[in-house]
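What you see below is based on every heavy atom in this structure, not just the backbone, and it leaves out hydrogens, waters and symmetry mates. If you're wondering where the values come from, they're calculated on a predicted model, not measured in any experiment.
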Amino acid sequence: MPSAVTRPGPSCPIVPNLVDETAGRIAAGLSLGLLALAVGGGWAWMVLTLAADFAFRAAGRSAWSPVARLAGFLRRWADLPARTVNAGPKRFAASLGFLFSLGTGLAWLVGLRSLGHALAATLGLCAGLEAFLGVCLACQIHPWLPWRQWGEG
């Protein structure tokens, strides 16, 4: 039976898996670049493709994500050190990236260009903060949210 566990604040580890934060920052930069191309071209198909890529990362299937694979390759090519962090907040961030890019693409498809641009700007701001400053807003929010844990209680 599931039981709700409310955390009063940050606690780690959140999940047992780890991810490479250095490659994650590169992936954020790549995602920002793809988003900028999609916005510049008005291409809903490209932002929906980005949404699918975010979905792979959110589901813990980075091996299926072209962006994550390219980011890992670029990290190794540049000989940057891997820095492992807990995967939970990063997967949450990818989930939000999925929702914002999906919302952007769908808004554009139904003619709500202003809404799509607002969603894209929010996603772009978050991706830019991660890529250039190492600030993951979703990661800051994640530990404060109540999460369901299975098999406890």
Side-chain angles (χ1 to χ4, degrees), residues 7 9-147:
R7 292 189 186 101
S11 62
C12 276
I14 296 166
V15 297
N17 307 47
L18 298 174
V19 293
D20 180 358
E21 185 177 43
T22 305
R25 287 184 65 182
I26 295 169
L30 293 171
S31 297
L32 180 60
L34 290 172
L35 181 65
L37 284 173
V39 170
W43 298 321
W45 65 267
M46 183 181 275
V47 78
L48 290 173
T49 302
L50 182 60
D53 191 87
F54 273 119
F56 290 138
R57 290 184 268 162
R61 303 284 186 206
S62 293
W64 296 0
S65 160
V67 169
R69 291 174 62 99
L70 180 57
F73 168 79
L74 291 173
R75 185 199 57 78
R76 290 186 302 278
W77 178 78
D79 200 27
L80 297 172
R83 182 173 177 271
T84 56
V85 296
N86 194 272
K90 296 297 184 183
R91 287 176 61 183
F92 176 65
S95 297
L96 293 179
F98 165 73
L99 292 174
F100 275 88
S101 52
L102 179 66
T104 298
L106 293 178
W108 287 351
L109 285 176
V110 299
L112 301 173
R113 303 295 289 176
S114 294
L115 175 61
H117 281 89
L119 292 170
T122 303
L123 176 58
L125 174 66
C126 292
L129 285 171
E130 171 71 12
F132 299 114
L133 301 177
V135 176
C136 176
L137 293 180
C139 299
Q140 299 301 312
I141 296 167
H142 180 272
W144 293 89
L145 298 175
W147 297 99

Please confirm whether the backbone N or O of Ala118 pairs with a side-chain atom of Thr122, one donor and one acceptor, at under 3.5 Å?
-> yes
With distance as the sole test, does Thr22 use its side chain to make a donor-acceptor pair with the main-chain N or O of Pro81 at under 3.5 Å?
-> yes
Quick check: closest heavy atoms across [X] and [Y], and the distance to 0.1 Å?
X	Y	answer
Leu80	Arg75	O-NH1, 2.7 Å
Gly29	Ala131	N-CB, 3.5 Å
Ala94	Ala58	CB-N, 3.6 Å
Ala127	Leu32	CB-CB, 4.1 Å
Leu102	Ala51	N-CB, 3.7 Å
Cys136	Ala93	SG-CB, 3.9 Å

Euclidean distance, [Y] [atom2] relative to [X] [atom1], rounded to 0.5 Å:
X	Y	atom1	atom2	answer
Lys90	Asn17	NZ	CG	15.0 Å
Leu35	Leu30	CG	CG	12.5 Å
Asp20	Arg25	CG	CZ	11.5 Å
Ser65	Arg61	OG	CZ	13.0 Å
Leu50	Thr104	CG	OG1	9.0 Å
Asp53	Trp64	CG	CH2	13.0 Å

Do [X] and [Y] have side chains that get closer than 4.5 Å, going by heavy atoms?
X	Y	value
Arg57	Ser31	yes
Ile141	Leu96	no
Leu34	Val67	yes
Trp108	His117	yes

According to the salt bridge (charged side-chain N to carboxylate O under 4.0 Å, His left out) rule, which pairs have a member within residues 101-128, sequence neighbours left out?
-> none
